[in-house]
Amino acid sequence: MSDKKIKNIFSKGAISPLFIADSISKHSSKTNIGGHSIFMGQVRKDEIDGKLVAAIEYTAYEELALNKMHEIREEIFNKYPLSCMHIHHSLGTIKAGELCLFVFTSSAHRKPAIDACTEVVERIKAELPIWGKEIFENDTHQWKENI
Amino acid sequence: MSDKKIKNIFSKGAISPLFIADSISKHSSKTNIGGHSIFMGQVRKDEIDGKLVAAIEYTAYEELALNKMHEIREEIFNKYPLSCMHIHHSLGTIKAGELCLFVFTSSAHRKPAIDACTEVVERIKAELPIWGKEIFENDTHQWKENI
Amino acid sequence: MEIEVISFGKIAEFIPQQKISLSNVSNTDELKVYLEKDFPALAGIKYKLALNKNIVQSTLNLNNNDVIAIMPPFSGG
Amino acid sequence: MEIEVISFGKIAEFIPQQKISLSNVSNTDELKVYLEKDFPALAGIKYKLALNKNIVQSTLNLNNNDVIAIMPPFSGG
């Protein structure tokens, strides 16, 4: 593994659209970029057995997740000619309609940005030790499982 | 073709990150959405024969482009279970580092949003009568061609 | 018959918008031959025609007052 | 030897963080048998172990003061 600094991807609470706008703005000085790809995960108000999901409470094994994300980041940068990659995942309680995941990749041409973004999203869901507890409007809960 | 209203995708000048943030925010009330995919095109400061691209000036055969975009939109909505799709393309002079294309798709689960976004970007580039004139820093120009 | 010609991108640099009176030209294939003779620069480049705001896929008959657009390869996005 | 056990997600609802003294358990495979006997609810669900912050792919030997995490299927994103 390289000696690059391990970046934190976690922050408490929902990801705000203004944070995303700010992140996009910061790339206007990188004039070698031609394409940006973004994926955002939003908490759904699913109905399960007649109960509505009010929020998802996210917890993680943070140190393991950050190590794993670091590995994924290195592999993706080796695989695709990317200019940048930014990942943010919420912890704590995120209400239905709010954003809990933000993946942002940029490259000179569109294809690497798009392919890397998709691959990172898949790997985050499959490989990072993060758990979502779906909290229903009546305060009962069930644990989400990625399929 | 359906009788849905033809939407305008064109606007003068660069697409601002705040416009994108606003567009994202508007989806927080759509609590059946679980995934959003965004593609943004940014003008590159390419170096061509020793000259740097300062801006791209976009023109379009607007009526034909909007009719074609309407067709593409209908086909994409028939092909993927999308909640929303928003497309914005700049006209006029867009400086290097600024955004000229914004494609935004949303669906309950991630895959349709991601696949539809990618497909729409490809089709916009291949099928819409839009032309980019690369203006160099010394005021000469050349016409861009999508490969 | 008279048709209106509009053009875009690099083609607009040498074919300005204009009305053209045609004789012995009845369809879009014949029009291409006519245009490439009248505007030799057109012969060397790839282009598509649109007839009354529809892209011409295979040859179409022309009528008086039709609008023909001459379009170089697209480069949006 | 003594190991520390931490747990996550739904598993944290029935296995709280704790120190466990082990005898006759030397690797992660034997630990799984031990845990599933001590916490029968674990036997019915899918889970992975991590040893000192590394996901256990195949059996690993245990040492005194190791930290074992018990993790149900991930559901981030």
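Keep in mind it's a predicted model, so treat the numbers as computed, not measured.
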Practice prompt. Count the heavy-atom pairs under 4.5 Å between each of Pro73(D), Ala50(D), Ala12(D) and chain A, then report the option with the highest count.
Written response: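 Most pairs with chain A among the choices: Pro73(D).
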
Within the supplied structure, the quantity of interest is the number of heavy atoms (other residues, nucleotides, ligands) at a distance under 6.0 Å from [X] [atom1]; does it exceed 12?
X         : atom1 : answer
Lys45(A)  : NZ    : yes
Glu137(A) : CD    : yes
Lys111(A) : NZ    : no
Asn138(A) : CG    : yes

Worksheet item: Can you tell which of His141(A), Gln142(A), Lys125(A) has the highest number of heavy-atom pairs within less than 4.5 Å of chain D?
Response: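 Most heavy-atom pairs within the cutoff with chain D belong to Lys125(A).
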
Discussion item. For chain D, which candidate among Ser90(A), Pro129(A), Ala60(A) shows the most heavy-atom pairs at distances under 4.5 Å?
Written reply: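 Heavy-atom pairs under 4.5 Å are most numerous for Pro129(A).
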
Structural part of [X] lying under 4.5 Å from a heavy atom of chain D:
X         : value
Ala65(A)  : neither
Leu101(A) : side chain
Glu127(A) : backbone

Discussion item. For Met71(D) versus Leu64(A), what's the shortest heavy-atom pair and its separation?
Written reply: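 That closest heavy-atom pairing would be SD-CD2, 3.8 Å.
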
Item to complete: Supply the atom-to-atom distance Lys133(A) NZ to Lys10(D) NZ, rounded to the nearest 0.5 angstrom.
Response: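 NZ of Lys10(D) is found 13.5 Å from NZ of Lys133(A).
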
Practice prompt. Quick one: pull up CZ in Phe74(D) and CG in Leu128(A) and give me the separation to the nearest 0.5 Å.
Written response: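 Nearest 0.5 Å value for the CZ-CG distance: 8.0 Å.
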
Worksheet item: Do the side chains of Pro72(D) and Trp131(A) get nearer than 4.5 Å, heavy atoms only?
Response: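 Touching, per the 4.5 Å side-chain cut-off.
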
Worksheet item: Side chains of Glu145(A) and Lys46(D): closer than 4.5 Å at any heavy-atom pair?
Response: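 No, too far: nothing below the 4.5 Å cut-off.
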
Discussion item. So does Gly77(D) get a backbone contact from the side chain of Tyr58(A), meaning a donor-acceptor N/O pair under 3.5 Å?
Written reply: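 Pair found, side chain donor or acceptor close to backbone of Gly77(D).
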
